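First up is the structure itself, then whatever we jot down about it.
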Amino acid sequence: MHTVCEVPAVKRSTYIGLLVLAFAITSVGVGIIYLAFLPASATQAVIETVSYPIEILTDIVKPDSITVDFDGTPAALGVSNYPRIELGAKRYTKDEQLIGKAAKLLKGKTFKRWYGAVIYRAKNSQMNGGYYSTLELDAANGSRLCNVSYDPGYVDNEGPGVYISDGDVIYVMEGDQTAVVSFMDQCTEDAYEQTCEPDPQTARNSGSARTWLFDDEITWTPSK
């Protein structure tokens, strides 16, 4: 006697999703061969058409929007910026007023998924220079509670400037971004003046009280 087992709905949907993704990947492979015989202008148009659905398929389980929310109390505020602050470095502060203002500006805000971000980045992958900032709130043990970025280039290229990255997916802030951008700019400028002028080593050795600290000066409380 044979027992017939029905495939659970979750597994079936996953299987269908994988089939769709496999079909899309196969289509892209055929498309690449086809692109070799097209002129440059036509090739760009086809790439954009193909990239859009592929971006959706590869992150099919991710939502269309997210809302900033975090458990715990922020104990530190971090900022980074290119080109004002050393590349790859962050500056931190434990100033309660600044931390409170950042939390007020970000918590509860909605960020909507920006379809087409992959296409934008592909178009601008060869660009040099630019301006880029990040702002993060951390718990006392150093774990990240919230992290947002700002790229003014997005404003002139279809997408708003304040966003959250989740892998290859970009979520852009809805509503007026002016207050968040102004706060990020002010934090960047203060951190630059306190830790980068006249140069980082001199600023570090100055001995003067600083609101903003180098990343190796910040202390974290280990989790229990």
Side-chain angles (χ1 to χ4, degrees), residues 62-115 117 130-167 169-197 203 208-224:
K62 293 185 178 178
D64 286 331
S65 65
I66 56 177
T67 300
V68 174
D69 193 12
F70 44 82
D71 297 324
T73 302
L77 174 66
V79 65
S80 68
N81 176 269
Y82 176 84
R84 299 289 277 171
I85 296 175
E86 300 167 273
L87 185 61
K90 283 188 174 69
R91 301 293 188 261
Y92 292 92
T93 183
K94 290 192 173 183
D95 184 276
E96 293 182 358
Q97 289 187 337
L98 291 174
I99 293 170
K101 185 172 183 179
K104 185 177 180 179
L105 286 171
L106 297 175
K107 194 166 188 179
K109 295 298 187 294
T110 299
F111 288 70
K112 187 175 181 180
R113 184 168 175 174
W114 176 21
Y115 292 101
Y131 184 93
Y132 174 86
S133 295
T134 64
L135 196 69
E136 69 177 52
L137 286 167
D138 300 301
N141 63 0
S143 61
R144 184 178 299 172
L145 300 175
C146 175
N147 183 72
V148 300
S149 301
Y150 172 61
D151 184 343
Y154 281 11
V155 176
D156 298 326
N157 293 276
E158 303 171 7
V162 179
Y163 64 95
I164 293 174
S165 297
D166 182 8
V169 176
I170 298 294
Y171 294 91
V172 295
M173 182 178 173
E174 292 193 305
D176 188 5
Q177 302 179 3
T178 304
V180 175
V181 174
S182 296
F183 181 72
M184 294 177 77
D185 286 345
Q186 187 59 59
C187 289
T188 295
E189 191 59 31
D190 290 344
Y192 173 79
E193 291 178 356
Q194 294 181 25
T195 64
C196 297
E197 289 188 333
S208 59
R210 285 184 275 112
T211 301
W212 290 93
L213 306 172
F214 290 88
D215 48 9
D216 60 349
E217 293 179 320
I218 190 75
T219 56
W220 305 106
T221 302
S223 299
K224 296 182 180 179

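No experiment lies behind these values; they were computed from the predicted model shown.
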Next on the checklist: I'd like to know whether D166 forms a side-chain contact (heavy atoms from CB on, under 4.5 Å) with K62, so could you lay out the CA-CA distance, the side-chain angles of the two residues, the decisive distance to 0.1 Å, and finally the verdict.
Outcome noted: CA-CA 9 Å; D166 182 8; K62 293 185 178 178; 3.6 Å; yes

Checklist entry - Can you list the steps and then say if I170 with S165 is a side-chain contact (heavy atoms from CB on, under 4.5 Å)? => result CA-CA 5 Å; I170 298 294; S165 297; 3.4 Å; yes

Next on the checklist: Run the side-chain contact (heavy atoms from CB on, under 4.5 Å) test on V162 and V172 for me, step by step, so that the C-alpha distance in whole Å, both residues' side-chain angles and the decisive distance to 0.1 Å come before the verdict.
Outcome noted: CA-CA 6 Å; V162 179; V172 295; over 6 Å; no

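Scanning for side chain to side chain donor-acceptor pair (under 3.5 Å) contacts around S133 gives N81, with sequence neighbours left out. Shown here are the side chain to side chain contact (heavy atoms under 4.5 Å, CB included) partners of L145, two or more places apart in sequence or in another chain: F70, P74, A139. The side chain to side chain contact (heavy atoms under 4.5 Å, CB included) search around K101 returns L105, F183, not counting sequence neighbours. Under the rule for a side chain to side chain contact (heavy atoms under 4.5 Å, CB included), the partners of T221 that lie at least two apart in sequence or sit in another chain are A140. Checked against side chain to side chain donor-acceptor pair (under 3.5 Å), Q186 has the following partners two or more places apart in sequence or in another chain: D190. Legend: residues meeting side chain to side chain contact (heavy atoms under 4.5 Å, CB included) with T73, ordered by chain and number and at least two apart, are absent. Residues forming a side chain to side chain donor-acceptor pair (under 3.5 Å) with T134 (at least two apart in sequence, or on another chain): S80. With sequence neighbours excluded, the residues forming a side chain to side chain donor-acceptor pair (under 3.5 Å) with S143 are N141, listed by chain and number. Considering only residues two or more places apart in sequence or on other chains, Y92 meets the ring pair (Phe, Tyr, Trp, His ring centres under 6.0 Å) condition with W220.
To the nearest 0.5 Å, atoms CZ (F111) and OG (S65) are separated by 11.5 Å. Here the CD1-OH distance, from I85 to Y132, works out to 12.5 Å after rounding to the nearest 0.5 Å. Within the model, atoms CD1 of I218 and OG1 of T93 stand 7.5 Å from one another, a figure rounded to the nearest 0.5 Å. Taking OH of Y171 as the start and CD1 of I164 as the end, the distance is 9.5 Å to the nearest 0.5 Å. Once rounded to the nearest 0.5 Å, the distance linking CG of L106 with SG of C146 reads 5.0 Å.
By the 4.5 Å heavy-atom criterion applied to side chains, Y163 and V148 are not counted as neighbours. Side-chain atoms of D151 and Y131, non-hydrogen and from C-beta on, never get closer than 4.5 Å to each other.
Shortest non-hydrogen contact noted between W212 and L77 is CZ3-O, 3.7 Å. Closest approach of M173 to V180, counting heavy atoms only: CE-CG2, 3.8 Å.
For residues 209-219, the salt bridge (Lys or Arg N to Asp or Glu O under 4.0 Å) pairs, not counting sequence neighbours, are R204-D216, R210-E217. Residue pairs that meet the salt bridge (Lys or Arg N to Asp or Glu O under 4.0 Å) test with at least one member in residues 66-95, sequence neighbours left out, are D69-K107, R84-E189, E86-R91, K90-E136.
Using a cutoff of 4.0 Å between basic side-chain nitrogens and carboxylate oxygens, D64 and K112 are not scored as salt-bridged.
Distance alone, capped at 3.5 Å, places no donor-acceptor pair between the E174 side chain and the T110 backbone.
The 12-atom threshold is not exceeded at CD of E96, counting heavy atoms of other residues, nucleotides or ligands nearer than 6.0 Å.
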